[in-house]
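Below: the structure, in structure tokens.
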Amino acid sequence: MNLTVNIGNLRIKNPVMTASGTFGYGEEYAEFLDPGRLGAVVVKGLSLEPKEGNPPPRIVETASGMLNAIGLQNIGVELFISEKLPFLRQFDTSVIVNFFGDSIDEYVRAAERLNGAEGIHALEMNISCPNKEKGWCIFGTDPRVTSEVVGAVRKATSLPLIVKLSPNVTDISVMAKAAVDAGADAISLINTITGMAVDIRTRRPKLGNVTGGLSGPAIKPVALRMVYEVYKAVKVPIIGMGGIMNAGDAIEFLIAGASAVAVGTANFVKPDSALEILDGIVEFMKEEAIEDIDSLTGTLRGT
Amino acid sequence: MNLTVNIGNLRIKNPVMTASGTFGYGEEYAEFLDPGRLGAVVVKGLSLEPKEGNPPPRIVETASGMLNAIGLQNIGVELFISEKLPFLRQFDTSVIVNFFGDSIDEYVRAAERLNGAEGIHALEMNISCPNKEKGWCIFGTDPRVTSEVVGAVRKATSLPLIVKLSPNVTDISVMAKAAVDAGADAISLINTITGMAVDIRTRRPKLGNVTGGLSGPAIKPVALRMVYEVYKAVKVPIIGMGGIMNAGDAIEFLIAGASAVAVGTANFVKPDSALEILDGIVEFMKEEAIEDIDSLTGTLRGT
Amino acid sequence: MSRYFRARITENLPLNSSHNIISLANLEDMEEPLPGQFFMVQINQGYDPLLKRPFSIYRKTAEGFELLFRIKGKGTALLKGMKEGAVIDVIGPLGNSYPLPSESQFPVIIAGGIGIASVHPLVERLSGKAYVIYGAKIGDELFMREDLEKIAGNLLLCTDDGSCGQKGTVIDVITGLRSRLREMREVIIYSCGPAAMVREVTMFAAEHAIKAYVSLEEHMACGIGACLGCVVKTRKGYRRVCREGPVFDAADIIWREDPR
Amino acid sequence: MSRYFRARITENLPLNSSHNIISLANLEDMEEPLPGQFFMVQINQGYDPLLKRPFSIYRKTAEGFELLFRIKGKGTALLKGMKEGAVIDVIGPLGNSYPLPSESQFPVIIAGGIGIASVHPLVERLSGKAYVIYGAKIGDELFMREDLEKIAGNLLLCTDDGSCGQKGTVIDVITGLRSRLREMREVIIYSCGPAAMVREVTMFAAEHAIKAYVSLEEHMACGIGACLGCVVKTRKGYRRVCREGPVFDAADIIWREDPR
Ligand SMILES: Cc1cc2nc3c(=O)[nH]c(=O)nc-3n(C[C@H](O)[C@H](O)[C@H](O)COP(=O)(O)OP(=O)(O)OC[C@H]3O[C@@H](n4cnc5c(N)ncnc54)[C@H](O)[C@@H]3O)c2cc1C
Ligand SMILES: Cc1cc2nc3c(=O)[nH]c(=O)nc-3n(C[C@H](O)[C@H](O)[C@H](O)COP(=O)(O)OP(=O)(O)OC[C@H]3O[C@@H](n4cnc5c(N)ncnc54)[C@H](O)[C@@H]3O)c2cc1C
Ligand SMILES: Cc1cc2nc3c(=O)[nH]c(=O)nc-3n(C[C@H](O)[C@H](O)[C@H](O)COP(=O)(O)O)c2cc1C
Ligand SMILES: Cc1cc2nc3c(=O)[nH]c(=O)nc-3n(C[C@H](O)[C@H](O)[C@H](O)COP(=O)(O)O)c2cc1C
Ligand code: FES
Ligand code: FES
């Protein structure tokens with residue numbers, strides 16, 4: 001049985017990875033599952049300089065989901081390379097580094113710095129973050145800005161480049177096309193959907209940042225639809241995520257067009273979810289006599 | 001205690017209404033709750049001509065939500081007026097007629113016909129439907145098309161005009177502004193978020209129409225955020241909906257900026273939800289010594 | 001008397017690993033159910049699962065009613081886990097019912113698997129007068145046989161593996177009866193079971209110009225006719241299983257290419 | 001030995017209408033918990049509620065452990081409904097713990113309401129050696145008193161309504177002890193309870209230059225330090241309650257304007 005999939009010219013050993021920001025830098029979860037069995041570990045989003053993040057509360061549970069407003073807190077590229085990367089290098093898995101910036105220049109400099117580091121197999125650009133120059137609008141909601149920033153980063157790195165799309169757009173396929181035309185080797189989606197919650201007694205937002213990102217099973221139907229739309233629009237591999245809790249969910253994403261999947265919120269619910277999902281996919285392939293995982297991707301029938 | 005709220009120059013007796021398509025034409029639910037106690041009954045979306053709708057399956061349950069692909073099946077404006085409206089006239093409530101068209105001309109003609117009918121207190125335009133002329137793109141995802149169709153309907157009716165927005169857009173406040181500038185007396189939101197589900201054994205979509213609209217508690221955080229954004233953008237009254245299951249949910253929408261709320265999917269779960277929610281709001285107003293429901297709207301603090 | 005009431009679980013008995021019979025005592029009055037009608041039953045505490053589940057009324061009891069259910073997915077798994085004493089919301093009785101046979105009609109009831117739940121009240125109603133053909137994959141899934149022996153005029157059991165009754169499907173059985181049926185006075189078929197089986201029954205009825213009423217299933221949200229979610233295609237257009245159905249004249253149904 | 005294991009509920013006893021004590025038997029080995037540590041406990045079947053819930057380890061038992069919990073919202077309501085025999089996932093023991101007092105330090109433990117659950121293992125550990133001040137709104141919410149009488153060196157109870165022990169808050173009690181504390185050798189305070197109370201305790205400690213360790217609460221997703229969701233503001237920057245906490249040196253905490 002062949003579980004390997006290609007993300008640009010990176011070959012990962014199986015289609016299950018962790019979603020950025022839900023798996024830290026791998027250390028905390030290593031106790032609950034062997035990172036060496038994962039297709040890839042995607043680390044918490046990094047910026048050039050350390051970022052302190054948003055004031056608490058940062059998390060609110062919602063129906064079959066959760067809102068988070070971490071505010072992209074991270075230790076910065078330098079500390080990551082010196083303190084976290086060595087730990088990840090021990091494992092027989094691919095390390096995908098998620099990163100972001102609040103200006104195109106910051107994106108480029110972060111990408112350049114990461115490019116040099118040993119043990120990084122691919123970069124995932126988070127473009128669902130505010131653009132300081134353009135009055136804090138989100139990079140990933142305007143195809144022109146998207147292609148501008150992706151194009152700039154593309155020049156700055158020789159690593160496989162994954163662009164992670166924001167679902168908070170009218171037509172996700174337009175964003176995917178813009179990213180691919182600008183040089184993305186792969187597309188990952190979806191990032192969280194912006195939402196909020198209110199404490200009716202204090203009449204205050206339940207999140208320190210007022211709004212936050214919705215994740216978990218609640219958003220799965222939306223994520224799946226967007227993966228399907230992007231699959232019809234671009235030729236590059238897709239990493240699907242959004243509410244994947246079990247193998248069945250993951251397989252839905254593969255059938256809809258994803259080549260690989262990322263497990264996010266599920267890690268919080270069951271710390272060994274990612275491997276349980278991998279095992280379930282293998283089980284399914286046996287039952288359905290599927291030899292090669294690639295032959296499952298985009299096989300949605302009757303449409 | 002004052003529960004009445006104004007939607008344009010329509011005064012409804014309390015802020016709780018039913019969401020279009022989840023309450024039929026009122027007949028089925030009259031057995032479970034007294035429509036006369038509702039602020040308003042919003043009927044299933046009507047088109048000029050009857051519409052047969054989508055092939056089954058039309059419904060799939062999802063985590064804390066459901067996908068529907070009814071395909072706007074309805075009996076058409078004429079039959080509604082002759083066969084359903086008389087029933088609704090018996091009750092001491094406001095009747096709000098939701099309608100749509102697949103061309104601007106159809107919208108206008110439907111509005112004109114409804115305008116004449118006795119016992120209709122307001123119109124709610126559903127612009128989350130495909131535009132035949134513009135290659136089936138959705139009216140409500142382009143501000144120019146939105147203002148064009150709203151402007152045309154505005155001229156065709158003297159009734160209070162509510163424009164119901166689609167959440168499948170990058171910036172909901174832009175759509176709200178377009179609708180208001182074109183003459184909308186009020187804004188209602190959100191309609192369903194497009195999603196899908198896949199049967200992994202048959203590899204077919206679980207919906208006959210492939211994609212459908214996500215509703216229920218799963219979407220509440222997104223709906224609440226959009227109501228908050230629209231409240232900051234326009235001055236007209238807002239009817240908030242999306243996953244409202246209990247009084248607490250409804251009150252969150254009021255605090256975020258809604259003047260009234262609509263109860264949708266909750267009707268399916270508990271057929272008397274709408275009145276339970278109304279009673280809960282009254283209870284809350286007593287506890288918090290709130291005299292006038294209006295004084296709750298848009299009172300979100302610390303932002 | 002309201003069709004929205006609460007009921008307390010008095011017993012929740014496993015019949016085998018995948019089927020339970022659950023008994024409920026009504027806390028409010030219930031309308032008299034007709035054969036073939038169903039309830040929308042609450043199976044959740046939180047919002048996942050969210051919707052009520054439709055279940056045929058297997059039997060009316062002195063204090064309430066019984067449901068016979070198969071553990072299919074997460075809702076029925078939760079229902080299986082519900083303990084005696086738990087109180088749940090119920091909407092119903094809902095839908096139409098099996099039209100009773102006229103004097104001149106000889107009723108043949110065909111049930112496949114859990115479909116027995118839907119036709120059981122009809123078998124009771126026609127006590128002794130009906131032919132009942134009841135099939136399942138294995139004998140272990142032919143439920144309440146003793147009880148059926150008593151109330152069915154003539155009970156023909158069959159299993160795919162022959163572990164109980166005749167080896168074969170209900171279609172094999174009814175086909176075997178062809179000649180016998182011909183001799184009989186006008187026959188009327190009532191059937192409920194897996195979509196594929198019900199479909200074959202309608203084919204059989206059409207071939208032999210036999211009147212047949214079948215109970216169909218579709219996913220439901222409201223259960224009362226308001227959402228238009230549960231339609232099936234008929235020669236009269238889309239019809240709501242929860243309202244115009246679940247029992248349909250077999251001749252009216254337009255079957256989908258792939259029955260699920 | 002893993003910090004992710006399953007446990008079976010052996011008893012789920014209501015202490016009053018809004019509080020239960022639940023006993024669990026571990027199905028796998030558990031690491032030895034330290035005073036002040038907590039578990040992330042599964043309370044769901046479907047996906048709503050979704051996240052595990054953090055609970056202090058009230059007491060370690062021969063077969064497993066006990067939690068003392070308040071029915072706060074939907075998760076704890078579900079936990080209250082869980083029956084003996086149910087098996088749930090548990091992550092832990094998690095977080096840091098109360099640093100034990102040095103020989104020269106005299107421990108004063110201050111618990112408000114359900115906060116007793118967090119400090120109870122410390123009271124056990126310091127058996128007889130600590131002053132314990134335990135307050136609640138009403139006497140009905142001062143739990144396990146007999147047990148505390150035994151293990152606390154000196155137990156001072158108080159209630160807002162005076163229905164049990166001294167009338168007033170734990171702050172009133174500790175303030176009353178001021179003079180006595182001064183005479184004593186170096187005092188160290190350990191405290192857990194409602195945010196507003198813990199905050200006042202830290203104020204008191206600051207005023208009187210007393211070392212204080214307090215246990216804080218924040219909403220949690222992972223419970224193990226990965227999501228950065230549970231931070232509190234400290235003089236060293238944001239710190240994770242689930243990892244650098246839940247026990248913090250009171251002097252380090254920067255309180256929010258509105259403690260919730
Ligand atoms: C009129 C009617 C009467 C029924 N009577 C019985 C009965 O007496 N005994 C019995 O065991 N089953 C009966 N069913 C089927 C039963 O409703 C489903 O097995 C049940 O809803 C499955 O729920 P689940 O959560 O376990 O499965 P899931 O697959 O997890 O359910 C997911 C969603 O699909 C819906 N769904 C799945 N299968 C069906 C189905 N076959 N029909 C309708 N909705 C479905 C569920 O209601 C839910 O909304 C009846 C169905 C209908 C329409
Ligand atoms: C380290 C730690 C130890 C705790 N120990 C205990 C204990 O021993 N006994 C006890 O009764 N309670 C304890 N709590 C509080 C307990 O976790 C909450 O009361 C519980 O999570 C509420 O869940 P709910 O679903 O009933 O409430 P809901 O309000 O419905 O919960 C909604 C969400 O908010 C979170 N939440 C709500 N209140 C709190 C809170 N005070 N702290 C953290 N998260 C919260 C929930 O975990 C959930 O994610 C502890 C909290 C922490 C952080
Ligand atoms: C707590 C938390 C932190 C996250 N941080 C990041 C991040 O730093 N960068 C990023 O691209 N996505 C981040 N995400 C989004 C996830 O990677 C993922 O896209 C999203 O949660 C949907 O997947 P899920 O529903 O499986 O969680 C975060 C999500 C959560 C819940
Ligand atoms: C079965 C169903 C049918 C619907 N039909 C319509 C419709 O005809 N017109 C419309 O504007 N909205 C329609 N909606 C959207 C609802 O009115 C509402 O905007 C949406 O469901 C969100 O609210 P909820 O989460 O409370 O259901 C429909 C929703 C459902 C679930
Ligand atoms: S389930 Fe709503 S119409 Fe039948
Ligand atoms: S709960 Fe995730 S870091 Fe503390």
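Keep in mind it's a predicted model, so treat the numbers as computed, not measured. Residue numbers begin at 1 in each chain, while the letters A, B, ... track the order of the sequences.
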Task: Student check: side-chain heavy atoms of B:K286 and B:M1 closer than 4.5 Å - done: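 The answer is yes; the side chains approach within 4.5 Å.
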Under 4.5 Å heavy-atom distance to chain A, tell me which part of [X] shows up: side chain, backbone, both or neither.
X	result
B:L67	side chain
B:I255	side chain
B:V210	side chain
B:E252	both
B:E287	side chain
B:T62	side chain
B:I200	both

Task: Any donor-acceptor N/O pair, B:N267 side chain to B:T18 backbone, under 3.5 Å - done: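 No; judged by distance alone, with no hydrogens or angles, the pair does not exist.
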Task: Minimal non-hydrogen separation, B:S273 against B:A266, with atom names - done: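 In terms of heavy atoms, the two residues are closest at OG-O, 3.0 Å.
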Open item on the list: Using every non-hydrogen atom in the two residues, find where B:S20 and B:K164 come nearest and quote the distance to one decimal.
Closed with: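 Residues B:S20 and B:K164, closest heavy atoms: CB-NZ, 4.3 Å.
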TODO: Tell me yes or no: between the side chains of A:T299 and B:R203, is some donor less than 3.5 Å from an acceptor?
DONE: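 Per modelled atom types, A:T299 and B:R203 side chains form a pair under 3.5 Å.
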